[in-house]
Asker: 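Quick one: structure below, then a few questions.
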Amino acid sequence: MFGRSRQKKGDTNACPRQRASKLRESVVGDRCWCPLFRPNRSRLLILLASIGGLQIATIRAGHQWGDDFAHYILQAKHMLAGDGFVAREYLPNPEVLNLGPQTVPPGLSVVLLPVYAVSGLNFTAMKVLLILGMLACLWLTDQLFEDRLPPGWRLALVALIGLNPVIFDLRDSIETEKPFLVFELLALYLMVRAWRSREKPPLWEAVALGLTIFAACATRNVGVALLPTLAVMSLFAFRRLGLFAMVSGAIALAGTLPVFRMLRTVSGYRGSFHFSPSWMMKSAVAMAKTTQNFWWTSTPSAVAHPRFIAYITLVMAGGFALYGAWLSVRRGPGPIELFPLFYLPIICAYFAPRFILYLLPVFPFYVGYLLIGLRDVEQRLPRGKILVAALASAAVLLYIVCLGRAGWGPIREGIGDPEFVQLTAFIRSQTAPSDLLLFRKPRLLALLTERTSSVYPIHLDRPTTPDEIRAYIEKTHARYLITSPVFNEPDSPQTDAALDEFVTRFKEHVTLVYSSPRYRLYRLGLL
């Protein structure tokens with residue numbers, strides 16, 4: 001199909017294009033038991049329009065607390081002003097690894113730049129742009145599985161991805177996952193196109209692939225997983241590293257290496273990786289368990305929900321996906337089989353093994369393999385159609401319940417919190433531009449106040465102490481400290497207690513200058 005798949009006797013001279021064509025005919029030509037599963041390209045366009053329309057129509061005002069998005073907007077702001085990429089308003093604390101360095105990969109900032117140039121801090125416009133990118137991902141997923149699933153099953157694939165509660169919830173987030181997924185899937189599609197259609201693809205496709213890999217790496221560092229995918233695919237398909245792969249790889253490296261070196265977007269995250277065998281094993285198990293949230297989300301709800309449903313879906317969906325992946329590899333491995341082999345070890349080595357969005361780049365393949373396995377079982381079992389219908393009904397029910405638990409009204413935190421907006425207005429009017437402020441979400445504070453911001457010491461493995469807070473204030477000459485009990489994170493109770501103890505112990509050097517029910521702003525004297 002995409003490489004040297006098994007050949008029948010007498011067919012040893014068949015080129016990759018001929019083998020792919022035969023397999024495509026065997027897959028697409030199958031008769032489907034459901035009328036909905038008949039080939040019709042217009043149905044895909046209608047489905048994509050429906051998914052996009054639903055997401056855009058239900059965009060919520062505001063944004064969640066996570067302030068990664070603020071960092072990318074700060075970089076876009078500096079780019080627009082011709083001031084480089086560095087978000088100088090944010091001062092990183094080397095003890096708080098999860099906030100990262102002063103620079104992040106600029107891909108999302110470049111994507112947001114036109115919107116920021118036209119409408120400024122218009123979060124809704126930014127969200128709409130990223131939703132359109134997600135629709136492109138769905139179209140590319142349909143193309144990638146053209147040789148593996150008939151059209152109707154690919155409609156189910158697009159629906160399961162586009163309406164998944166986790167992905168649907170991303171409509172309200174400004175993050176790197178969607179643009180990275182666009183570049184990743186486009187790169188894999190160009191690889192598939194090169195080895196599916198002809199033995200000697202034109203040079204312009206190699207250039208396009210190299211630029212796409214560079215865009216993926218410039219959006220998220222983990223995009224480097226596409227480079228070994230390209231090399232191994234070439235070696236597997238043609239037993240040599242051909243001109244196409246060398247040109248694509250050279251263009252990608254020519255753009256990626258200078259960006260990594262100048263912006264130090266890789267070295268700044270070095271301390272967040274752990275490559276010990278025990279860590280990698282525990283992280284892999286945690287990542288596997290996290291897949292259950294795609295089917296039974298852990299969205300906060302006033303009503304407790306049974307976790308056994310999540311465990312059942314974890315086992316069943318995982319089993320079908322593994323079976324489908326095995327079938328796909330037997331037919332002939334391609335880029336979408338190889339990419340996860342290089343991507344997953346990178347995220348397993350990272351410090352946050354349960355972060356579900358790190359699985360988003362492989363989620364389309366996970367669902368695609370699930371459907372491949374389910375379709376094969378449906379064809380083999382006497383009552384396979386009944387099984388497929390039952391599982392499809394269960395999936396619809398799970399999606400409805402999970403979407404019903406999701407938030408639909410305005411986001412009442414971060415930029416949607418009136419008290420926080422009032423606090424930022426006070427800071428803009430009552431503090432000097434040269435003042436340094438300490439806050440739990442320093443990048444968002446820097447974006448809204450145009451003041452230099454940093455974060456007090458926070459540890460993931462032990463509580464923060466008042467003496468550590470004092471030492472960091474002395475080191476950075478911070479002028480203000482903001483405390484608030486609104487954050488719901490694992491370390492929040494211990495960190496809040498340390499802040500309160502710091503204020504009490506050094507009260508002669510700390511002056512309360514602004515107070516609201518949820519926020520307090522202290523001016524710091526010489527300690």
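Positions are given from 1 along the sequence. Side chains are part of it too, since the values below use all heavy atoms of this structure and drop only hydrogens, waters and symmetry mates. These numbers come from a predicted model, not from an experiment.
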Asker: Any side-chain heavy atom of Thr219 sitting closer than 4.5 Å to one from Val182?
Answerer: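 Thr219 vs Val182: side chains apart.
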Asker: Can you list every pair that meets side-chain hydrogen bond (donor to acceptor under 3.5 Å, both in side chains) and has a residue in residues 61-70, with sequence neighbours left out?
Answerer: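 Residue pairs with at least one partner in residues 61-70: Asp67-Arg443, Asp68-Arg443.
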Asker: Between atom SG of Cys348 and atom CZ of Phe275, what is the distance when rounded to the nearest 0.5 Å?
Answerer: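 Spacing of SG (Cys348) from CZ (Phe275) equals 11.0 Å.
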Asker: If the plane angle is over 60° it's perpendicular, under 30° parallel, otherwise tilted; pick one for Tyr369 and Phe365.
Answerer: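 Geometry flag for Phe365 against Tyr369: tilted rings.
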Asker: May I ask you to decide if Phe487's main-chain N or O and Ser492's side chain share a donor-acceptor pair within less than 3.5 Å?
Answerer: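 A pair under 3.5 Å: yes.
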Asker: Will you find, in the side chains of Tyr472 and Ser454, an N or O donor that is under 3.5 Å from an N or O acceptor?
Answerer: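 Indeed, the side chains of Tyr472 and Ser454 share at least one donor-acceptor pair under 3.5 Å.
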Asker: Check whether Tyr399 reaches the backbone of Leu160 with its side chain - one donor and one acceptor, N or O, closer than 3.5 Å.
Answerer: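 Such a contact is found between Tyr399 side chain and Leu160 backbone.
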Asker: May I ask you to check whether Phe439 and Phe420 place their ring centres under 6.0 Å from each other?
Answerer: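 Distance test on ring centres: under 6.0 Å, yes.
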Asker: Quick check against the 3.5 Å criterion: does Ser328 have a side-chain atom that pairs as donor or acceptor with the backbone of Gly324?
Answerer: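 No; zero donor-acceptor contacts below 3.5 Å.
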Asker: Donor-acceptor check, side chain of Gln292 to backbone of Lys289, threshold 3.5 angstrom: yes or no?
Answerer: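 The answer is yes, because a donor-acceptor pair under 3.5 Å joins these two groups.
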Asker: Rounded to the nearest 0.5 Å, what separates atom CG in Leu186 from atom OG1 in Thr212?
Answerer: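 Answer for the CG-OG1 pair, Leu186 versus Thr212, is 4.0 Å.
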Asker: Once you measure the plane-to-plane angle for Phe69 and Phe123, does it fall in the parallel (<30°), tilted (30-60°) or perpendicular (>60°) bin?
Answerer: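 Judged by the thresholds at 30° and 60°, the geometry between Phe69 and Phe123 is perpendicular.
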Asker: Over 60° means perpendicular and under 30° means parallel, so classify the ring planes of Trp295 and Tyr366, tilted if in between.
Answerer: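 The arrangement is tilted - the two ring planes meet at 30° to 60°.
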Asker: Can you list everything that forms a salt bridge (charged side-chain N to carboxylate O under 4.0 Å, His left out) with Glu489? Sequence neighbours excluded, please.
Answerer: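 Arg440, Lys441.
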Asker: Could you give all pairs that pass the ring-ring contact (aromatic ring centres under 6.0 Å, His included) test and reach residues 162-184, with sequence neighbours left out?
Answerer: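 Sorted result for residues 162-184: Phe168-Trp408.
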Asker: How far does OG1 of Thr229 sit from CG of Leu338, to the nearest 0.5 angstrom?
Answerer: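 The distance works out to 6.0 Å.
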Asker: Please confirm whether the ring centroid of Phe145 lies under 6.0 Å from the ring centroid of Trp153.
Answerer: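 Ring centres of Trp153 and Phe145 not closer than 6.0 Å.
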Asker: Is Val222 close to Tyr350 at the side-chain level, that is, under 4.5 Å between some pair of heavy atoms?
Answerer: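 Answer no - side chains too far apart.
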Asker: Kindly indicate whether the side chain of Phe236, heavy atoms from C-beta on, has any atom under 4.5 Å from the side chain of Pro333.
Answerer: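 A side-chain contact under 4.5 Å exists here.
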Asker: Distance check, rounded to the nearest 0.5 Å: Asp376 atom CG versus Leu371 atom CG?
Answerer: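 One finds 12.5 Å between CG of Asp376 and CG of Leu371.
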Asker: Let me confirm one number: the CG-CG distance from Leu157 to Leu155, rounded to the nearest 0.5 Å.
Answerer: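 Reported value, rounded in 0.5 Å steps: 9.5 Å.
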Asker: I'd like to check Glu378 versus Leu387 (side-chain heavy atoms, cut-off strictly below 4.5 Å). Are they in contact?
Answerer: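 Of all side-chain heavy-atom pairs linking Leu387 with Glu378, none is under 4.5 Å.
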Asker: Using a 4.5 Å cut-off on heavy atoms from C-beta on, say whether the side chain of Tyr456 contacts that of Leu499.
Answerer: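 The answer is yes; the side chains approach within 4.5 Å.
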